[in-house]
Amino acid sequence: MEKPAETGDSSEQQLDSSNASNDDEQKHTTPSTWHRISAKIFWVPPNCRWDPEEPPKFSMALNILFAFAGAFTVANLYYNHPILNILARDFGVSYDKVAQIPTVAQAGYAVGLFFLCPLGDLLKRRPFVLSLVLFTATMSIGLCVTDSLEVFSAIQFITGVTTVTPQLMLPLVGDLAPPNKRAAALSIVVSGFVLGILVARLLSGIMTNYTSWRNVYWMSVGLQYAIFGSLWAFMPDYPATNKRLNYFKMLWSMPVMLTKHPILVQACLISYFTSATFTSFWTVLTFLLAGPPYRYDSVTIGLFALIGIGTMFSTPLYARLIIDRFVPWFSVILGMTWSMIGICVGAYTGKITVAGPIIQAFFLDLGMQTAQIANRSSIYAIEPQGRNRVNTCFMVFTFFGQLTGTSVGAQLYSRGGWVGSQSFSVGCIGMAYLLTFARGPFEKGWIGWHGGLSIRKKHLESADGHTAEARNPLRRMTTKEKDAQAAKAAEDGDLEKQVREEDQRPAERAMEDLGGSGNDDGMEIRDDVEKGSSREGVDGVARSDKQPG
């Protein structure tokens, strides 16, 4: 009687154990809340899914979307500039303490630039960019509600780290745009950056003047979520450029690039000096306009930022007509020439007429932007699989040039006034000229003028004018490329057919020769046989006639 009881107990234990295992399996198979949320966030709409046979078309709408994303992402760094005095009053601190806000924002941006931007060569761009934008938007809510300067500064640093979306968009555009149209596509994104800086400073000052400064950051949160929604709906799911790249080796590869590519070092140094002139001008312009003889108020001084609108609209056309048609070396020289003209006019007439600083603002902005676009277009051709790292090297030098211009410009203004600070900018452009003329437009080494002095591109379909780039697999072929591929395929097919015919002809000729000689011999043999038989028959008849009966 005990055995059945034991059997029942064992069956119940087996049932319990099976139920427990089923529960464990269900726990493992049921996705967590976080996985369900992330699956929805990073779900790819059908129109954005990747098809290697037919990559998504890089349209003007997509180019403008990237410019829009870059514009209102980079704006996060500049909302605080016109309202520092209001922030100091509301937080109850001195101007010295509140001045740390733009400093920590720029420091965070530098950290993100060096440690996050290179990941664009390792990760898929769509989920990476969406994660950064979503995180930045959510963190920015803290800027709207905090009453602590320390918390505000900490959040500003964190959002500065993740505000690197613009520097991910530029290399992506370099991947997607045809080489002969790369400068024009890059100029649209760069113009978006200028728009973001202008809108940030302008709207921040106006909104704070009539409402609370917190509304500025609520607006920023709304714009960030709008960017996220737009990119989620329309940004294609491009594959990763490098899947097996180690992160630390990737960071180390950037200094190595500077030892391998002379054009990259030249572009970085030119950007360092031209960026110094730009920030030096905008830093001390406020001192000039606020003092004698102008004595403008802060609103009037802020309106000078609108001069950049003219540059923003003219740069894409300039890039299409000039930068894409000539070698980048020539476009860089033109850009520095515009900058030098503007600096000289503004430096030596700025104390006499306000037209001087206005002319300087326009030509300096135009020159710096066009020179940078030309340099970017050329350096993106050197390592197609590492464009994010190339861009990081370029931007690190640009960033330090901006810091140098801000610091040196302010110190020189305090000692030598407006003319002294702008004379520093003249020297910077002079250094940039020397660096440019050290290498010719087609020179491949560190210094020299080998390859000729022509400003025309040797290869019209290339970005730098002399390097024929292979098509990036992310980019859809243009109509001309498709026609060339079809013509090459037809040529290869004809060549293959011709080779096959050439291979067949010896065998056919041998068979023809063999068959022809056999037929001839057969015909001769048959003729001989027929002739012999006929003679033999005649002779036989004759012989039979001669024989006696």
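Values in this document were obtained by computation on a predicted structure and should not be read as measured data. No hydrogens, no waters, no symmetry mates; every other heavy atom, side chains included, goes into these values.
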Is a donor from one side chain sitting under 3.5 angstrom from an acceptor on the other, for S220 and N76? yes

May I ask you to check whether over 12 heavy atoms, not counting those of R214, lie within 6.0 Å of atom CZ? yes

Check: Y225 and L134 side chains under 4.5 Å, non-hydrogen atoms: yes

T404 side chain near F273 side chain, heavy-atom distance below 4.5 Å: no

Full working for salt bridge (Lys or Arg N to Asp or Glu O under 4.0 Å) between E383 and K260: CA-CA 11 Å; E383 292 203 17; K260 292 170 52 180; 3.5 Å; yes

Parallel under 30°, tilted from 30 to 60°, perpendicular over 60°: which one fits the rings of Y217 and F152? perpendicular

Return the CE to CG distance between M207 and N215, rounded to the nearest 0.5 Å. 5.0 Å

State, with a plain yes or no, whether a side-chain heavy atom of V164 is found less than 4.5 Å away from one of F115. no

With a 3.5 Å distance limit and no angle check, can you tell me whether T279 reaches the backbone of S275 through a side-chain donor-acceptor pair? yes

So, D121 and Q385: side-chain donor and acceptor under 3.5 Å apart, yes or no? no

What's the verdict on salt bridge (Lys or Arg N to Asp or Glu O under 4.0 Å) for R182 and D175, showing C-alpha distance, side-chain angles and the deciding distance? CA-CA 9 Å; R182 181 178 294 158; D175 287 339; over 6 Å; no

Check the side chains of Q402 and Q106 for a donor-acceptor pair under 3.5 angstrom, ignoring hydrogens and angles. no

So, the side chain of W329 versus the backbone of F437: is there a donor-acceptor pair under 3.5 Å, distance only? no

With a 6.0 Å cut-off on the ring centroids, do Y272 and F397 count as close? no

With a 4.5 Å cut-off on side-chain heavy atoms, are Y79 and L203 touching? no

When rounded to the nearest 0.5 angstrom, what is the spacing between CG in L87 and CG in L143? 10.0 Å

Between R439 (side chain) and G445 (backbone), is there a donor-acceptor pair under 3.5 Å? yes

Has Y433 got more than 12 heavy atoms of other residues, nucleotides or ligands less than 6.0 Å from its OH? yes

Please check if the number of heavy atoms outside F234 that lie under 6.0 Å from its CZ is greater than 12. no

What I want to check is whether the side chains of Q372 and S271 have a donor and an acceptor closer together than 3.5 Å. yes

Checking S377 side chain against A374 main chain: does a donor-acceptor pair fall under 3.5 Å? no

With heavy-atom distances below 4.5 Å as the criterion, would you say the side chains of Y109 and V161 are in contact? no

For the side chain of D324 and the backbone of A184, is there at least one donor-acceptor N/O pair under 3.5 Å apart? yes

Between the side chains of T136 and Q224, does any donor sit under 3.5 Å from an acceptor? no

As an exercise, state the distance from OG1 of T337 to CD1 of I429, rounded to the nearest 0.5 Å. 9.0 Å

Spatial distance of atom CE (M257) from atom CZ (F394) [nearest 0.5 Å]: 15.0 Å

Taking CH2 in W338 as the centre, count heavy atoms belonging to other residues, nucleotides or ligands within less than 6.0 Å. Is the count above 12? no

How long is the straight-line distance from NE2 of H261 back to SG of C268, given to the nearest 0.5 Å? 11.0 Å

W213 and F91: aromatic ring centres closer than 6.0 Å? yes

Please tell me if the side chains of F66 and I188 come closer than 4.5 Å, counting only heavy atoms from C-beta onward. no

Is there a side-chain contact between Y380 and P171, using heavy atoms and a 4.5 Å cut-off? yes

In terms of heavy-atom contacts, does CD1 of I447 have more than 12 from other residues, nucleotides or ligands at under 6.0 Å? no

CG on L77 to CD1 on I197, rounded to 0.5 Å: 8.5 Å

Between T277 and M368, is any pair of side-chain heavy atoms under 4.5 Å apart? no

